[in-house]
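The structure appears below as structure tokens.
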Amino acid sequence: MFKKILIANRGEIAVRIIRACKEMGIATVAVYSSADKEALHVRLADEAVCIGPAPAKDSYLKMDRILSATMASGADAIHPGFGFLSENSKFADLCEKCSIAFIGPTSKVIDQMGNKSAARNTMIAAGVPVVPGSKEIMINAEQAKKQADACGYPVIIKASAGGGGRGMRIAREEKDFVHLFETARKEAIGAFGDGSMYMERYVEKARHIEVQILADQYGNVVHLGERDCSVQRRHQKMIEEAPANGLSEELRGQIGEAAVRAAKAARYTGAGTIEFLVDGAGNYYFMEMNTRIQVEHGITELVTGVDLIKEQIKIAAGERLDLRQKDIVIRGHAIECRINAECPKRNFLPSPGTIRSLHLPGGNGIRIDTALYAGYTIPPMYDSLAAKLMVYAKDRDEALKKMSSALSELLIEGIDTNIDFQYELIHHPRFLSGEFTTDFVEEVLSQQ
Ligand code: MV4
């Protein structure tokens with residue numbers, strides 16, 4: 001097992017990883033930017049190394065500084081968390097070359113799944129359902145339009161180097177296609193330096209359902225059930241729940257098995273997520289694979305009892321999975337509300353600043369992952385996720401009541417937050433009924 005792990009991240013996920021390491025008897029090294037001297041992850045780690053100035057590109061994204069800090073501190077592994085370098089195949093490759101264990105899949109797999117069009121073709125070959133669409137990448141609008149016309153409108157144009165909704169356009173009619181293709185392609189070239197596009201038939205009124213998987217280095221793969229992440233705004237998830245409401249046991253089983261086939265086809269190792277679109281008729285389609293631990297991993301931990309961070313560490317250290325599919329039982333219901341430092345009344349404008357006072361709810365079935373403390377100043381240059389409020393109860397109804405009570409009790413003074421907006425969302429008839437799709441948040445906002 002590793003003796004010392006460097007955590008190449010900040011905020012609540014760095015704290016989450018440090019806690020797992022402590023429980024495993026592994027020493028920890030935090031890295032921080034000059035804006036994060038007072039951050040909780042720095043205080044909780046055994047050692048901390050400053051890796052540069054405040055902008056992420058000069059600190060948390062500086063591969064050479066992070067590798068130097070790892071070698072200087074004698075750490076044998078790096079946990080990248082999510083965001084930052086977590087899905088950077090070059091960084092994973094540099095770790096491999098420096099004989100540092102990267103806690104995640106191999107650089108080759110990150111690369112292959114990062115190419116969303118190639119990932120789609122891998123899934124077709126593995127018998128995982130995908131939405132009908134293009135087989136090859138497209139760079140020419142006129143040629144792409146021929147494929148769209150054959151496929152039938154509406155179509156969704158996606159950047160092969162994108163993912164998570166960046167560089168996407170929906171073309172509802174033939175006449176809009178060429179213009180939308182060209183704007184999407186320009187955006188992709190600007191954002192990723194890669195204008196390779198692909199296309200799919202657009203699935204209306206779909207749910208975003210994702211399956212958590214774990215895979216060891218010996219070909220053993222298990223899935224840990226699904227999460228419904230349909231409650232999102234501009235591709236930022238706001239509420240997640242596990243299990244997904246109203247899936248038949250048959251469909252749940254099929255999606256889980258498809259996720260395991262997908263992970264095996266990708267020769268995946270570590271913790272990963274397979275995203276699916278599920279339509280009203282119960283059809284499911286592979287969208288993309290995320291090759292990292294995700295923000296919402298905690299709700300899967302609540303319903304399975306599996307510590308996903310510890311499993312990631314054990315897998316990277318070469319241990320065999322000691323979980324078998326039959327041992328994984330989904331029990332009860334978990335919901336997460338993401339608490340952001342932002343102002344919903346000002347179009348969700350970020351609201352950094354000093355936490356004047358803080359009261360966190362607690363009690364049976366409540367989990368809060370946060371790096372906030374009273375007196376802490378949230379710096380303006382990173383993302384606005386301030387806390388993850390998770391509840392766990394025997395069923396969805398009880399979990400919703402617990403979330404309602406916990407949101408009412410949660411007090412963060414000194415900054416604006418989305419707590420009241422989350423309260424409104426979870427009490428909305430459409431959310432309560434469990435019958436919501438990815439357009440739910442936009443619908444609520446348009447009703448205000
Ligand atoms: C889709 C889709 C419908 N049909 N693909 C969003 C993020 C990325 N993982 C892919 N996404 C989608 N892909 C097909 N063929 C719907 C989404 C989607 C979405 C699209 C537009 C606006 C909001 C959305 C929220 C979730 C998913």
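Read the numbers this way: they start at 1 and go in the same order the structure lists the ligands and their atoms.
- Residue pairs that meet the ring-ring contact (aromatic ring centres under 6.0 Å, His included) test with at least one member in residues 146-196, sequence neighbours left out, are Phe177-Phe181.
- Taking a heavy-atom cut-off of under 4.0 Å, ligand 1 is surrounded by Val131, Ile156, Lys158, Gly164, Gly165, Met168, Glu200, Arg201, Tyr202, Val203, Gln232, His235, Glu275, Leu277, Met287, Glu288, Thr438.
- Annotation: cation-pi geometry not satisfied between Arg292 and Phe102 (NZ/CZ under 6.0 angstrom from ring centroid, within 45° of ring axis).
- Within 6.0 Å of CD in Gln325 there are more than 12 heavy atoms belonging to other residues, nucleotides or ligands.
- At most 12 heavy atoms of other shown residues, nucleotides or ligands fall within 6.0 angstrom of atom CZ in Arg267.
- Applying the ring pair (Phe, Tyr, Trp, His ring centres under 6.0 Å) test to Tyr202 and every residue at least two apart in sequence or in another chain returns nothing.
- Within the structure, side-chain hydrogen bond (donor to acceptor under 3.5 Å, both in side chains) pairs that include any residue of residues 247-260 comprise Glu226-Arg252, Glu249-Arg252, Glu250-Gln254 (at least two apart or interchain).
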